[in-house]
J.: 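Here you go, one structure.
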Amino acid sequence: MGSLLVFALLNINGFLMVLITGITFSFLLYALVTYKKSTGKSIAILENKPLEFLGKISYSLYLIHGPFLAIINLYLLKNFELTNDTRQWIIFIFIFIFIIPVTTIFYNLVEKR
């Protein structure tokens with residue numbers, strides 16, 4: 001929430017926004033894991049099945065997403081005149097429709113073995 005407030009007040013976007021968001025979520029995740037280890041209490045967001053699944057396939061997702069995102073981005077830039085926001089939404093939807101299933105297959109055929 002703090003990083004969103006900083007973005008709004010200082011009109012930050014681009015690389016700096018990505019950097020601040022990454023740092024913020026890294027500290028949040030660290031705090032949640034540390035809290036769980038020190039108290040032994042369950043934290044619902046860390047035991048969420050979809051997030052556990054993404055964690056399981058995360059290395060395969062890391063390996064596969066870059067080339068596919070580059071290809072779809074170049075295709076959209078070359079063939080359509082879209083605003084940056086529209087292009088980003090298309091890419092975001094593409095991740096769920098194409099990249100996550102391909103990553104799951106890759107995980108099961110390669111990484112899991």
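One-based numbering along the sequence shown.
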J.: Any donor-acceptor pair under 3.5 Å linking the side chain of Asn108 with the backbone of Thr104?
T.: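 Indeed, once roles are kept as given, a pair shorter than 3.5 Å links the two residues.
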J.: Looking at Ile95 and Pro101, what are the two nearest heavy atoms and their distance?
T.: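 Scanning both residues completely, I find the closest heavy atoms to be O-CD, 4.5 Å.
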J.: Do the side chains of Leu63 and Phe106 get nearer than 4.5 Å, heavy atoms only?
T.: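 The answer is yes; the side chains approach within 4.5 Å.
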J.: Just verifying a value: how many Å separate Thr24 OG1 and Leu19 CG, rounded to the nearest 0.5 Å?
T.: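 So the OG1 of Thr24 and the CG of Leu19 are separated by 9.0 Å.
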J.: Just jot down the salt bridge (Lys or Arg N to Asp or Glu O under 4.0 Å) partners of Lys36, sequence neighbours excluded, or say none.
T.: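 For Lys36, the residues satisfying salt bridge (Lys or Arg N to Asp or Glu O under 4.0 Å) (neighbours in sequence not counted) are Glu47.
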J.: Out of curiosity, does Leu74 fall in the hydrophobic cluster containing Ile99 (side-chain heavy atoms, cut-off under 4.5 Å, transitive links)?
T.: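 The answer is no; the residues belong to distinct hydrophobic clusters.
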J.: Is there a side-chain contact between Ile100 and Leu54, using heavy atoms and a 4.5 Å cut-off?
T.: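 They are in side-chain contact.
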J.: Would you indicate whether Glu52, at its atom CD, is surrounded by more than 12 heavy atoms from other residues, nucleotides or ligands within a distance under 6.0 Å?
T.: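 It does: Glu52 CD has more than 12 such atoms within range.
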J.: To the nearest 0.5 Å, what is the distance between CD (Glu111) and OG (Ser58)?
T.: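 Rounded to the nearest 0.5 Å, the CD-OG separation comes to 7.0 Å.
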J.: Could you state whether Val102 and Ile90 fall into the same hydrophobic cluster, counting links through intermediate Ile, Leu, Val, Met, Phe, Trp or Tyr residues with side-chain heavy atoms under 4.5 angstrom apart?
T.: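 In one cluster: yes.
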J.: When you group the ILVMFWY residues by side-chain heavy-atom contacts below 4.5 Å and let the links chain together, are Ile64 and Phe92 in the same group?
T.: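 Result: yes, single cluster for both.
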J.: Do Asn73 and Arg87 come close enough that some side-chain heavy atom pair is under 4.5 Å?
T.: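 Yes - at least one pair of side-chain heavy atoms lies under 4.5 Å apart.
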J.: Restricting to non-hydrogen atoms, name the atom on Leu61 and the atom on Thr103 that form the minimum distance, rounded to 0.1 Å.
T.: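 The pair with the smallest heavy-atom distance is N-CG2, 3.2 Å.
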J.: When clusters are formed from ILVMFWY side-chain contacts under 4.5 Å, directly or step by step, what else is grouped with Ile93?
T.: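 The other cluster members (ILVMFWY side chains, heavy atoms under 4.5 Å, direct or chained) are Ile97.
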J.: Quick check: does any side chain N or O of Thr34 sit under 3.5 Å from a backbone N or O of Ala31, one acting as donor and the other as acceptor?
T.: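 No; zero donor-acceptor contacts below 3.5 Å.
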J.: Lys112: what forms a salt bridge (Lys or Arg N to Asp or Glu O under 4.0 Å) with it, not counting sequence neighbours?
T.: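 Salt bridge (Lys or Arg N to Asp or Glu O under 4.0 Å) check on Lys112 returns nothing, list empty.
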J.: For the CG atom of Leu76 and the OG1 atom of Thr86, what is their distance to the nearest 0.5 Å?
T.: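 These two atoms lie 10.5 Å from each other.
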J.: With a 4.5 Å cut-off on side-chain heavy atoms, are Leu82 and Leu77 touching?
T.: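 A side-chain contact is absent here, since even the closest heavy-atom pair is not under 4.5 Å.
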J.: Tell me whether the rings of Phe98 and Phe94 are parallel (<30°), tilted (30 to 60°) or perpendicular (>60°).
T.: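 Aromatic pair Phe98/Phe94 classed parallel.
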J.: Set out, in order, the CA-CA distance, both residues' side-chain angles and the distance that settles side chain to side chain contact (heavy atoms under 4.5 Å, CB included) for Phe80 and Tyr75, then state yes or no.
T.: CA-CA 8 Å; Phe80 302 98; Tyr75 176 78; 3.6 Å; yes
